Amino acid sequence: MADKNKNPEEEEVNFFRKKENWWILIGIIVIVVAIATPFIILHRLGWKITYNQFNKLGVVGDFFGGTTVGLFTLASIMFVIAAIVMQKKELELQRKELSQTRKEFETGNNTAKVQQIDNAFFNMLSLHHQIVNGIKITNGKVSYAGREAIEQLKDIYEDRFGQKQYFLENQNSGLAGWLGNSHTRREHLNKLFNNVDTINQEMLDEIYKDFHNDYGNDIGHYMRNNYRIVKFIVNNVADDKEEQEKIKEETGREPIIGDKRYYFGMLRAQWSNAEFELILINSLYTENHKFKELILKHDVLDMEETKGKQTASKVFKLKESMKNFRAYRKLIEISK
């Protein structure tokens, strides 16, 4: 339909825009000239060949050959040049098609990688929920499972921390002084966990070590799974080409270029408040420094204050909204 609607003048213009058409046209003209030249010369000389002049045809043949072969050779050269020009254009088209095919392949390959990483990531989240649902503890005579168990574990950890601090401040009261007065107990916990910089590294390591010894079998695999999910995101999602090359060099993996914040956000969406707090506390334990480094470097928990952030050096400041972690602030904030 498009060819039928073309203007003849436009077709003529397009014809003369192609270099190979010019070479072909020149070659045809040379051939015509080559064929016509001997006849024009004979006509101009008035030499008419008769039956009795056949013995002179050899001379005539030499004459025709001498006047046409050079022109035919020239015409052949024109056609060869036209063929070269056409082959050059075909090669350019092939290169463009190959480049387009390569781009399409890379696009398809990148899409497949994104799908592969997404599938693996969401499978890990599914496993996360299975682990949460499988957590079971007994506190006193009451059994807890799932997120209720995690909530109890957080309370147990804080109670042990409060108890330790209470004994340091009230050495003569003993365990009865802590357990016997719920008001004093609640007041002491509020003082410890709702104020700034009340927890130091030595205290945390001591309390968390005992806590892990007692409940590590119940929650240790949960913490390790969260660490592996964070590590998976860091090793498989790069913010830009430069980071992609760096990860590939360090790990041998082929990460995608994407938004890590999206994956960290999806991970955080699976956590309850108690999980969020226990995960941070677990990372602050000295033996889990690798987890802490990942959390702070990539702000996995979305608790970094970015307003007025210095760019000349690495600074990590806790958001004002992270009130539940003010007691741990000096263990979280870094400035180098």
Side-chain angles (χ1 to χ4, degrees), residues 93-136 145-147 149-150 216-285 287-304 306 314 316:
L93 288 174
Q94 288 177 358
R95 280 195 292 268
K96 288 181 180 179
E97 290 177 359
L98 182 61
S99 176
Q100 184 65 29
T101 302
R102 187 182 293 113
K103 289 180 181 178
E104 291 175 356
F105 174 78
E106 290 176 353
T107 301
N109 193 33
N110 289 336
T111 301
K113 285 181 182 178
V114 171
Q115 291 177 344
Q116 182 181 9
I117 289 172
D118 281 352
N119 289 338
F121 174 69
F122 286 107
N123 285 337
M124 294 177 84
L125 293 187
S126 178
L127 177 61
H128 167 85
H129 288 291
Q130 293 178 29
I131 291 174
V132 169
N133 293 333
I135 295 175
K136 294 179 181 179
R147 285 191 165 83
I150 294 176
N217 288 334
D218 300 310
I219 200 171
H221 59 309
Y222 168 83
M223 293 299 179
R224 288 189 292 273
N225 185 62
N226 278 297
Y227 172 75
R228 294 318 308 177
I229 295 175
V230 171
K231 191 74 173 175
F232 174 84
I233 296 170
V234 170
N235 285 342
N236 288 279
V237 183
D239 291 326
D240 49 42
K241 190 72 175 178
E242 183 180 352
E243 186 179 13
Q244 186 185 45
E245 291 299 325
K246 184 178 179 181
I247 294 173
K248 185 177 179 180
E249 182 179 349
E250 292 177 351
T251 66
R253 296 176 180 271
E254 189 75 38
I256 63 171
I257 295 178
D259 183 8
K260 283 199 288 282
R261 306 302 306 165
Y262 164 76
Y263 292 95
F264 289 142
M266 288 297 297
L267 177 59
R268 289 194 302 272
Q270 316 306 310
W271 298 336
S272 64
N273 291 341
E275 289 178 80
F276 194 101
E277 293 184 31
L278 270 183
I279 288 168
L280 175 62
I281 293 165
N282 172 266
S283 72
L284 295 178
Y285 181 44
E287 291 189 8
N288 298 332
H289 63 92
K290 290 183 178 180
F291 198 11
K292 176 183 175 180
E293 290 168 4
L294 285 178
I295 286 176
L296 296 184
K297 181 178 180 180
H298 302 281
D299 194 16
V300 176
L301 304 184
D302 191 27
M303 59 184 184
E304 181 181 15
T306 57
K314 176 59 183 174
F316 192 105

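Basis for what follows: all heavy atoms, side chains included, without hydrogens, waters or symmetry-related copies. Source: prediction; values computed, not measured.
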Requested in this report: Work out which heavy atom in D118 is nearest to a heavy atom in Y263; give both atom names and the distance.
Outcome: OD1-OH, 2.6 Å
Requested in this report: Please report the C-alpha distance between I256 and Q116 in whole Å, then the side-chain angles of each, then the deciding distance to 0.1 Å, and finally whether the side chain to side chain contact (heavy atoms under 4.5 Å, CB included) criterion is met.
Outcome: CA-CA 10 Å; I256 63 171; Q116 182 181 9; over 6 Å; no
Report task. Apply side chain to side chain contact (heavy atoms under 4.5 Å, CB included) to the pair E245 and K241, showing each step before the final yes or no. Result -> CA-CA 6 Å; E245 291 299 325; K241 190 72 175 178; 3.9 Å; yes
Return all side-chain donor-acceptor pairs below 3.5 angstrom for residues 226-237, not counting sequence neighbours, or 'none' if the list is empty.
residue, atom, partner, partner atom, Å
N226, OD1, W271, NE1, 3.0
N226, ND2, Y222, O, 3.1
N236, ND2, F232, O, 2.8

Query - Student check: side-chain heavy atoms of L296 and E304 closer than 4.5 Å - result: no
Query raised in the report: What distance separates E277 CD from L301 CG, expressed to the nearest 0.5 Å?
Result: 11.0 Å
Query raised in the report: For the atom pair CG (L280) and CD1 (I295), what is the distance rounded to the nearest 0.5 Å?
Result: 6.0 Å
**Report entry** Approximate separation, where rounding is to 0.5 Å, of E243 CD and K246 NZ
**Finding:** 7.5 Å
Requested in this report: Take N288 and M223 through the test side chain to side chain contact (heavy atoms under 4.5 Å, CB included) and record every step on the way to the result.
Outcome: CA-CA 10 Å; N288 298 332; M223 293 299 179; over 6 Å; no
Query - Flag, side chain of N123 to backbone of N119, donor-acceptor distance under 3.5 Å - result: yes
Report task. Kindly give the heavy-atom pair with the smallest separation between L125 and M266, and that separation in Å. Result -> CD1-O, 4.4 Å
Query - Nearest heavy-atom neighbours spanning Q270 and E275 - result: O-OE2, 3.7 Å
Report summary line: In this structure, CD of Q244 is separated from CD of E254 (nearest 0.5 Å) by 6.0 Å
Requested in this report: Indicate yes or no for a side-chain donor-acceptor contact from N133 to the backbone of H129 under 3.5 Å, with no hydrogens or angles considered.
Outcome: yes
Query raised in the report: Any side-chain heavy-atom pair from M124 and L267 closer than 4.5 angstrom?
Result: no
Query raised in the report: How about K136 and D218: do any of their side-chain heavy atoms sit closer than 4.5 Å?
Result: no
Query raised in the report: Is the CG atom of D259 crowded by more than 12 outside heavy atoms at less than 6.0 Å?
Result: yes
Query raised in the report: Are side-chain heavy atoms of L278 and I219 found at a separation under 4.5 Å?
Result: yes
**Report entry** Identified salt bridge (Lys or Arg N to Asp or Glu O under 4.0 Å) counterpart of K260 within the set D239, D302, D299
**Finding:** D239
